[in-house]
Amino acid sequence: MPRRPQLYVADPRDIREGRVTDIYFTRTKRILEAKGLCDTLVRAEFHAYSLPKGYEWAVLAGLEEALAILEGRNVDVYAMREGTLFKPVEPIMVVEGPYCEFAELETAILGVLRHESSVATKAARLRLAAGDKALLFFGLRSAHPALAPMLDRAAYIGGCDAVSGTISREMLGLEPKGTMPHALIIVFGDPVKAWKAFDEIVEPEVPRIALVDTFYDERYEALLAAKTLGDKLFGVRLDTPSSRRGNMRRIVEEVRWTLNLHGYNNVKIIVSGGLDENDIIELRDVADGFGVGTSIAFPPSIDISMDIVEVKRGDKWIPITKRGKLPGMKQVYRCKPLNDTIVPWGQKPEKNCGDGSEPKPLLEKIMEKGELLTEVPSLDEIRNYVLSQLKELGESYTSPSTKQH
């Protein structure tokens with residue numbers, strides 16, 4: 001019998017039980033078991049000692065999945081709140097417990113924290129770039145389908161207004177948003193017929209946004225869509241491929257001028273197709289919204305790592321770590337917006353914030369012996385927390401260096 005094709009997707013049980021790991025962790029655990037050292041108590045810190053070029057902060061995402069992996073293990077967990085903006089060197093999470101309880105879980109925990117934080121951070125940067133204009137995530141086709149709910153979740157946390165994945169309705173409680181593909185228009189062979197069919201079949205609560213660059217000039221198709229759907233037309237989407245794009249700002253201005261000239265001032269213009277931060281900054285004063293895919297789904301990596309920073313010998317915790325990292329468990333104190341101080345665990349900063357208030361500690365104990373101590377926040381609560389921090393930053397923000405005491 002010929003071998004049948006399959007999807008290469010890890011089962012959640014395999015992830016939780018440590019079978020999705022790097023081989024050196026299984027070998028390490030076997031060695032420690034053989035030498036009677038498996039119950040050695042350690043404190044392991046998760047942090048990013050550097051960020052991508054030009055990044056001053058990142059967004060912590062993936063904490064809920066990390067806790068799902070650790071749940072039921074004999075460990076305590078301290079962490080920043082999911083959605084917290086953090087800076088280089090700062091500990092975002094600490095796991096305390098017998099090392100063999102979580103040795104084989106490091107790969108999976110880092111995977112969810114690194115990937116989701118990378119996606120959420122990029123989405124947050126694009127949120128700042130877009131200002132108050134709509135920001136939609138259309139990037140599922142850029143990644144393995146097994147990752148779709150994670151990508152939608154992280155993009156939404158980072159500040160996207162909507163996502164396109166249909167499975168996110170069930171898994172995340174997010175109503176998917178989207179317009180229409182070129183395939184619809186090509187199958188009809190006529191954009192007018194396709195737009196009319198969309199209006200006839202699709203639920204009335206879905207905004208009528210016509211794709212206007214399939215066969216003809218964007219200005220021509222935009223006006224044609226407005227004349228075809230009239231007051232029903234909410235907006236037009238420009239998805240012009242880069243090979244035919246030219247000056248995208250000029251195209252948007254031309255479409256806007258033409259629509260206004262014919263009395264269609266209320267028709268919105270949505271731009272999509274290979275957009276990144278600089279593109280959005282260039283277009284945000286002439287476009288009404290942006291559909292972004294690959295730049296969010298495949299962002300620069302937030303290189304979070306895990307390092308043991310303390311080992312318990314007898315009744316004492318001994319600060320220890322590999323060179324290049326700061327030994328000892330730490331706390332991060334914050335003065336708004338992002339004036340942070342790192343101190344040894346149990347200590348406090350020497351000075352108050354500039355406004356006289358006390359700095360706020362960011363790491364809290366959220367799991368004890370594998371049991372959650374707090375409610376898991378909702379997706380909207382995390383997103384609103386991110387947006388509130390971005391608002392505090394403002395456009396004029398320049399990062400002061402993180403202080404170390």
What are the two closest heavy atoms between [X] and [Y], and how far apart are they?
X: V386; Y: G83; answer: CG2-O, 3.3 Å
X: I302; Y: A48; answer: CG2-CB, 4.4 Å
X: R256; Y: V267; answer: NH1-O, 2.7 Å

So, does [X] use its side chain to make a donor-acceptor pair with the main chain of [Y] at under 3.5 Å?
X: N247; Y: R250; result: yes
X: H47; Y: Y49; result: no
X: T121; Y: S118; result: no
X: D213; Y: D239; result: yes

Could you tell me if the side chain of [Y] sits less than 4.5 Å from the side chain of [X], heavy atoms only?
X: P181; Y: L211; answer: no
X: V77; Y: M93; answer: yes
X: F290; Y: L283; answer: yes
X: L172; Y: Y156; answer: no
X: P327; Y: V309; answer: no
X: I296; Y: V119; answer: yes

Do [X] and [Y] sit within salt-bridge range, that is, some charged N less than 4.0 Å from a carboxylate O?
X: K122; Y: E277; answer: yes
X: E90; Y: K330; answer: no
X: R73; Y: E104; answer: no
X: E253; Y: R249; answer: yes
X: R19; Y: E17; answer: yes
X: D132; Y: R284; answer: no
X: D161; Y: R383; answer: yes
X: D152; Y: R169; answer: no

Q: Verify the distance criterion only: is there a donor paired with an acceptor across the side chains of S378 and D380 at less than 3.5 Å?
A: no
**Q.** Donor on one side chain, acceptor on other, S305 and K325, under 3.5 Å
**A.** yes
Q | Test log, rule side chain to side chain contact (heavy atoms under 4.5 Å, CB included), inputs D76 and K365 | A | CA-CA 7 Å; D76 297 345; K365 191 174 186 178; 3.6 Å; yes
Q) Heavy-atom count around K360 NZ within 6.0 Å, excluding the residue itself: above 12? A) no
**Q.** Atom CD of E364: over 12 foreign heavy atoms under 6.0 Å
**A.** no
Q: Could you grab the distance from atom CG of L338 to atom NZ of K87, nearest 0.5 Å is fine?
A: 5.5 Å
**Q.** Rounded distance [0.5 Å steps], OH in Y8 versus CD in Q6
**A.** 4.0 Å
Q. Hey, mind stepping through V376 and L372 against side chain to side chain contact (heavy atoms under 4.5 Å, CB included) and telling me if it holds?
A. CA-CA 9 Å; V376 176; L372 284 174; 3.9 Å; yes
Q.
Suppose we screen for salt bridge (charged side-chain N to carboxylate O under 4.0 Å, His left out). Which residues come up paired with D303, at least two apart in sequence or across chains?
A. R114
Q.
Quick one, R334 with T84, criterion side chain to side chain contact (heavy atoms under 4.5 Å, CB included). Give me CA distance, side-chain angles, the key distance, then yes/no.
A. CA-CA 11 Å; R334 173 161 296 171; T84 299; 3.7 Å; yes
Q) Of V212, V286, I269, which meets side chain to side chain contact (heavy atoms under 4.5 Å, CB included) against V255? A) I269
(Q) Just to verify, which of V332, N352, D340 counts as forming a side chain to side chain contact (heavy atoms under 4.5 Å, CB included) with P359? (A) N352
Q | Pairs meeting criterion ring-ring contact (aromatic ring centres under 6.0 Å, His included) with involvement of residues 70-119, two or more places apart | A | Y78-W345, Y99-F102
